[in-house]
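What follows is a single structure, written as structure tokens, with notes after it.
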Amino acid sequence: MAQIAQVLVDVPTMQTNRPYSYQIPAAWQSQVQPGMRVVVPFGRGKRRVQGFVLACDDVTNFDGELKPIDAVVDLAPVLNTEGLAMTKWLAESTFSFQITCAQTMLPAVMRAKYEKQLRTTATTPDEIRETLFGGQSMVPFDTVATTPAIVSQLLRLQAAGQVDVYYQVKNQARRKTQTALKARLSIPELEAEKANVRAGAKQQMAILQGLITLNGETMVQKAFCTRFKVNESAIRTAAQKGWLEKIAVEVYRDPYASHDIKATKALKLNDEQQVAVDQITASVDQAATTTFLLEGVTGSGKTEVYLQSMAAALAQGKTALMLVPEISLTPQMVQRVKGRFGKAVAVLHSGLSSGEKYDEWRRIQRGEAQVVVGARSAVFAPLKNIGLIVMDEEHESTYKQDDAPRYHARQVALWRSQYHHCPVVLGSATPSLETRARAEKGVYQRLLLADRVNRRPLPKVSIIDMKKEMQQHAESNFSAPLLVALQDRLERHEQSVLMLNRRGYSSFVLCRDCGFVLKCPNCDISLTLHMDTHTMKCHYCGHEEAIPRTCPNCHSRQIRYYGTGTEKVEEELQDLLPDATIIRMDNDTTRKKGAHEKLLAKFGSGEADILIGTQMIAKGLDFPNVTLVGVLNADTALGLPDFRASERTFQLLTQVSGRAGRAEKTGHVYIQTFNPDHYAIRFAQHHDYEGFFKYEMQMRHRGGYPPYYFTVQITASDLEEAVAAKRMYQLLQWLRPRLAPSTILLGPTPKPIARVNRRYYYQIVIKYKQEPNLAKTLTTLLHETQAQQRQGLQIGIDVEPLHFM
DNA sequence: AGCACGCCGACT
DNA sequence: GTCGGCGTGCTC
């Protein structure tokens, strides 16, 4: 029987990033297991924190006196053996704290909330009870300790034992319950009771008969009332008579309870799809850790391949995990999977409430769901015995988490594939260069779906040179050919989709007299105009201020809006086409829960002619009546200082083009650009992924970028620009001799947006081919910089970053 | 992170 | 002389 627990405490620092030994009180020794959460005292004061039991032992190498565990939070481990191993691996490979990783893998509600409380003791003077406690026996520390004088008074009182400090570790997870009924009497007793029922008391009689029918089972009260046609007050009477008892039973919050989901059957596959399914299924059957790249243009039926391959895993008694980008986790997508696998499906995405996420997670953990569909963090879903992992749109950058732990879901999927001995399918119409290159080398097995289902031709793509357009016409967001095409669709009662590329683009306020641009006081970035709230907002720190009427610099009234926001485009288009009904979809109109879904449904039902939106409309929507797609500004992202700019532009254009003409009608795509000859745009025009891949690989080779090199980004930020810069130069000197001569160090450079939230950012990029000492060097770096963390200098490490800005 | 300990300047 | 400012080290 283990007496000592190795506990990972909830204190995310470098110094505490290791297990601490605690004594397990005798009463709990048979109960405590690795993977459970516990509450432990930590530090010299009375601080209590949550922790994860990593291991149970009889020995410890700590030679002080062990403190005992305070409380056990879970009845069963929340992290199983795999989860614990994954925590360790994730922490090491992303240079993050283990505790942060453990928490990332679990639903947010399982993270403890801490409240420092002040409690009265037996010797608390009455006067203090009145003044500080207001008659209460416990008050939150912060509401009382408002001034330094009170704090020191409290310290004195505490030393004298007249008040007590108490750390409350709160579990936020709440289980939803429903009232259920259970008979208290045996069936013969219930039968006997029938004789005592007054004539005409129909409901009482019905209740007795109902309880007999239940035969000792419990039933949810609501269901009981409906089934036996009784009302709640009759139940109350019956309970008073002692016939039945009301008990609370746990119910799952079902995010899709209100959705009417129709069962779908497996579709007939074409030859290419069949080959793909056969290959994947063979790997599933053999429990091979093959990674497939399923490459197929939009409309080539990748989803059907996923679904049938997953069905093969289920047929083996195994489970299946399907990852999709957040944005394409549309109701249509969920319905398709739920329609195929029914109740076996659990869904995890940001649109769910925290309670719903918790409940879906527990269904998975208890083995009640065998199929999981979800966004990035669903890759940690506690499925056992995984038979197949699918990652749709594998090139999407939302699979990479932007803050610690900076993991890529693809890496986690591959790790789990090794653990479970199962294949992984990476699907995309435009695979990331890294993935496609691995398929080229034979590391991944490539499966190609070249044909669109039903042999539908790809849409015609026209490129419009906006430089010429600007010379010929007045300044407008709409070129003449696009406008003509829009007009034409209106007349034919067909629908159009317009995309405004928002990346690196926004509407700002500029003074025409002095050129002043309103900037965020905290960040080096222009404020964006938001007409819905009538404010100027900073997209980085959230700073908000009123729209100026006169120029803050020269007091001129010639202050005007510049740039292109979706609102402004919508306005302009409405002027140009007064008869058109337009729906706008952007961050502002879709912020409310379910708004996204509603707007799409509205457009899908034909209530509008034109849908204007940002990147979010590029994926997942599939409306047969859309025959025109316009990209208003294809190249705003091309100018960004990031070597992936071309790749992103190509992917986005290809993806949005796929929205046109998915049914009987052929589609047409118009791409407006100032760089009509750029290769990313040219290859997108011809739907030529292979051409783009080959060309871009040459560019990457020449520049020494991934996939030819691995990259690590080190960022330092400080309130003082000079401190961040100086520290980075020192860091460069420190790193150079520790790394291989062939390794390239870039920087330090100020980040393209050098100041965010009052902090200045500098970065160093490490490019390497082989660097066996890298992990050790970076870990040392983190340990050595922890002292400076106190002084406000923050160091961050991002392995294989996706954004270099 | 959060706390105690420890060492310096401004007060009773 | 003491109170309280912040810099430093430790938490099983």
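These values consider heavy atoms only, across backbone and side chains, with no hydrogens, waters or symmetry-generated copies. So that the names make sense, note that chain A is the first sequence line, chain B the second, and so on, each numbered from 1.
For a distance-only test at 3.5 Å, the side chain of A/Arg790 qualifies as a donor-acceptor partner of the base of B/dG2.
Just one residue in the list A/Glu434, A/Glu396, A/Glu394 forms a salt bridge (charged side-chain N to carboxylate O under 4.0 Å, His left out) with A/Arg410, and that residue is A/Glu394.
Under the stacking definition used here (centres under 5.5 Å, planes under 30°), the residue A/Tyr22 fails to qualify as stacked on the base of C/dC12. Taking the 5.5 Å centre cut-off and the 30° plane limit, the aromatic side chain of A/Phe62 is classed as stacked on C/dC12.
A/Trp89 and A/Trp415 have parallel rings, their planes meeting at less than 30° on a 0 to 90° scale where 60° marks the start of perpendicular.
Atom-to-atom, CG of A/Asn17 to P of C/dT11 comes out at 16 Å; the value is rounded to the nearest Å. Atom P of nucleotide B/dG2 and atom CG of A/Leu155 are separated by 16 Å, given to the nearest angstrom. The distance between atom CZ of A/Arg156 and atom C1' of C/dG4, rounded to the nearest whole Å, is 11 Å. The distance between atom CD of A/Gln15 and atom P of C/dC10, rounded to the nearest whole Å, is 10 Å. To the nearest angstrom, P of B/dA4 lies 11 Å from CZ of A/Arg47. The CD atom of A/Gln50 sits 15 Å away from the P atom of B/dG2 (whole-angstrom rounding). Going from atom OH of A/Tyr20 over to atom C1' of C/dC12 covers 7 Å, rounded to whole Å. When rounded to the nearest whole Å, the span between CZ of A/Arg48 and P of C/dC12 equals 14 Å.
If you find the closest nucleotide of DNA chain C to A/Gln791 and to A/Ala149, the one lying nearer the 5' end belongs to A/Ala149.
A/Pro41 comes within contact range of the sugar-phosphate backbone alone, with a heavy-atom separation under 4.0 Å but no base atom that close.
Here A/Ser152 reaches the OP1 or OP2 of C/dG4: one of its side-chain N or O atoms lies under 4.0 Å away.
Of the possible donor and acceptor atoms, none in the side chain of A/Glu771 sits under 3.5 Å from a partner among the backbone N and O of A/Thr743.
The pair A/Arg111-A/Asp10 fails the salt-bridge criterion, with no side-chain N (NZ, NE, NH1 or NH2) lying under 4.0 Å from an Asp/Glu carboxylate O.
When distances are taken from the side chain of A/Thr16 to each of C/dT11, B/dG2, C/dC12, the shortest belongs to C/dT11.
Atom CZ of A/Phe710 has 12 or fewer neighbouring heavy atoms from other residues, nucleotides or ligands inside a 6.0 Å radius.
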